[in-house]
Amino acid sequence: MGQDDWIELTSGEIPFAAIAAWVVRPGCGAVDIFCGTAREQSDDRPRVERLEYEAYEPFVVPKMTEIALEARRRWPQVGRLALVHRVGPVLIGEASVLIAASTPHRSESFDVVHWCIDTLKATVPIWKREIWGGGADWGLHAQELSQVADAPGPDR
Amino acid sequence: MGQDDWIELTSGEIPFAAIAAWVVRPGCGAVDIFCGTAREQSDDRPRVERLEYEAYEPFVVPKMTEIALEARRRWPQVGRLALVHRVGPVLIGEASVLIAASTPHRSESFDVVHWCIDTLKATVPIWKREIWGGGADWGLHAQELSQVADAPGPDR
Amino acid sequence: MFFGPARDATGTRATLVEGRTVGDVVAATVERYGEELARLLPTCRVWLNGDPTTPETPVGQKDEVALLPPVSGG
Amino acid sequence: MFFGPARDATGTRATLVEGRTVGDVVAATVERYGEELARLLPTCRVWLNGDPTTPETPVGQKDEVALLPPVSGG
């Protein structure tokens with residue numbers, strides 16, 4: 001994990017402003033930042049109150065580091081790259097995950113961030129629990145865990 | 001321009017943190033934010049010191065409003081949408097433009113933000129001047145001005 | 001109104017030009033400012049009061065004709 | 001180690017299971033926790049000390065076998 005990667009699992013709020021300032025590089029004209037934020041509605045669970053993320057903690061940062069390495073192999077022009085995920089409770093509207101990248105030109109900034117979030121959701125051992133008025137259960141739309149090397153290409 | 005659109009031309013720094021907080025909606029699980037930042041290198045102009053943006057000012061906000069309307073027609077699921085551009089001097093590393101959108105799901109957040117920045121660059125009457133050690137000149141890669149209605153589709 | 005490279009070509013941002021139509025105004029402007037502006041013209045869009053226009057459109061005293069070279073915002 | 005729905009199915013996060021191979025350990029675990037875990041098993045990945053593994057891989061006393069149901073991070 002080089003000085004141009006910011007990879008973190010945190011139980012507090014994601015340090016959005018710090019990452020946004022850090023990711024900018026003088027040689028890069030484009031920054032894209034994606035945040036996954038906790039939604040109050042999830043299919044047939046109409047009033048979700050909060051989420052709780054559980055992780056296989058020792059292996060989250062290694063997996064996200066693997067994603068960063070593979071992203072840089074696919075997009076060597078990436079300047080700085082951040083992958084940050086929360087564990088524990090996350091209130092509605094708060095960010096559970098943030099991906100940020102700087103690149104020389106704009107199109108690749110979208111591509112690399114989009115690829116990183118898609119790959120993170122398929123390969124990092126994290127589980128979301130939704131707590132709503134009527135109950136609590138694990139997130140719908142879970143994906144069988146796959147390996148970073150098997151992630152689909154940039155042109156999905 | 002509804003309360004869910006933030007459209008602005010500013011001669012100061014773009015209020016990044018305020019927009020990032022504002023764009024989140026409880027019904028939207030995804031936020032994408034794109035920033036164009038001033039690069040120190042532009043093809044054969046190796047040490048650009050700053051940029052200067054000039055605009056046909058009375059028509060910048062109307063054009064960006066047109067882009068927002070068209071974006072919402074193409075992606076009706078968009079929650080909040082921000083298009084903000086700077087005029088005047090912009091130092092290396094500072095943002096000259098910001099596009100942000102919240103959407104229920106992640107893929108469309110990338111699509112709408114990417115479409116908005118591509119369309120802005122083709123349709124909004126703004127000109128970039130690059131000032132470097134050896135001189136100053138207008139931005140390379142300028143595009144002949146086109147109309148929002150003629151912007152290519154989401155699947156470019 | 002002139003912007004970007006067209007402002008460099010004319011050395012000014014705005015000028016008063018007489019003409020019955022948009023086409024007349026553009027022709028008179030090119031005549032006044034010469035070759036550099038003439039070279040830019042094929043890449044420019046012409047707006048009348050903020051909207052795209054045509055050479056045949058009539059103009060009055062208060063109308064604003066703008067020559068917009070290729071843009072480079074973002 | 002159990003996570004997400006597999007933790008619900010076992011009511012615990014970790015347990016000690018005897019076995020010569022990864023396959024033995026998984027089989028003994030399912031026997032201990034019953035049908036709910038058995039139903040989850042086909043969708044789970046099995047990791048040994050943080051890496052994907054195979055049923056034939058031998059395990060020792062300090063090895064950690066993890067049952068990972070479909071993930072929902074992000």
Side-chain angles (χ1 to χ4, degrees), chain B residues 9 14 34-39 42 51-67 83-87 90 95-99 113-114 116-130 135-150, chain C residues 1-17 19 21-23 25-30 32-74:
Chain B
L9 180 71
I14 293 177
F34 174 84
C35 292
T37 54
R39 292 178 67 191
S42 175
L51 308 181
E52 294 255 3
Y53 285 88
E54 168 175 322
Y56 191 10
E57 299 203 7
F59 300 106
V60 167
V61 166
K63 274 291 158 195
M64 295 202 296
T65 304
E66 228 183 281
I67 294 171
L83 292 94
V84 181
H85 205 295
R86 261 179 97 162
V87 278
V90 178
S96 51
V97 65
L98 179 148
I99 313 278
V113 171
H114 199 165
C116 282
I117 182 64
D118 285 354
T119 303
L120 182 152
K121 289 177 86 87
T123 66
V124 178
I126 298 180
W127 295 266
K128 171 171 71 179
R129 198 175 173 83
E130 295 175 336
D137 206 351
W138 298 96
L140 305 162
H141 313 297
Q143 303 181 45
E144 292 192 21
L145 189 63
S146 61
Q147 293 301 110
V148 175
D150 301 331
Chain C
M1 299 291 287
F2 308 108
F3 296 97
R7 181 164 60 76
D8 285 359
T10 61
T12 184
R13 182 148 173 161
T15 188
L16 284 170
V17 180
T21 65
V22 168
V25 168
V26 172
T29 308
V30 169
R32 185 179 306 172
Y33 292 105
E35 211 176 310
E36 193 179 340
L37 188 61
R39 263 198 312 272
L40 276 175
L41 201 61
T43 65
C44 289
R45 296 289 178 271
V46 183
W47 282 5
L48 176 63
N49 304 323
D51 287 313
T53 186
T54 60
E56 301 75 34
T57 306
V59 293
Q61 283 210 317
K62 290 186 168 167
D63 286 327
E64 185 171 287
V65 174
L67 278 184
L68 309 174
V71 291
S72 50

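The figures here come from the full heavy-atom set of this structure, side chains too, leaving out hydrogens, waters and symmetry mates. Residue numbers begin at 1 in each chain, while the letters A, B, ... track the order of the sequences.
By the 4.5 Å heavy-atom criterion applied to side chains, Q143(B) and P70(C) are not counted as neighbours.
Proximity to chain B (any heavy atom under 4.5 Å) is shown, for D51(C), by neither the backbone nor the side chain. Using a 4.5 Å cut-off between heavy atoms, L120(B) touches chain C through its side chain atoms alone. Only the side chain of F59(B) comes within contact range of chain C, judged by heavy atoms closer than 4.5 Å. Proximity to chain C is limited to the backbone of A55(B), based on heavy atoms less than 4.5 angstrom apart. For chain B, the nearby parts of P5(C) are the backbone and the side chain; heavy atoms of each come within less than 4.5 Å. E54(B) touches chain C through its side chain: at least one heavy atom from C-beta onward sits under 4.5 Å away, while N, CA, C and O do not.
The closest donor-acceptor contact from the side chain of Y53(B) to the backbone of G74(C) lies under 3.5 Å. At least one donor-acceptor pair under 3.5 Å links the side chain of W127(B) to the backbone N or O of P69(C).
Scanning both residues, V71(C) and K121(B), for their nearest heavy atoms gives CG2-O, 3.4 Å.
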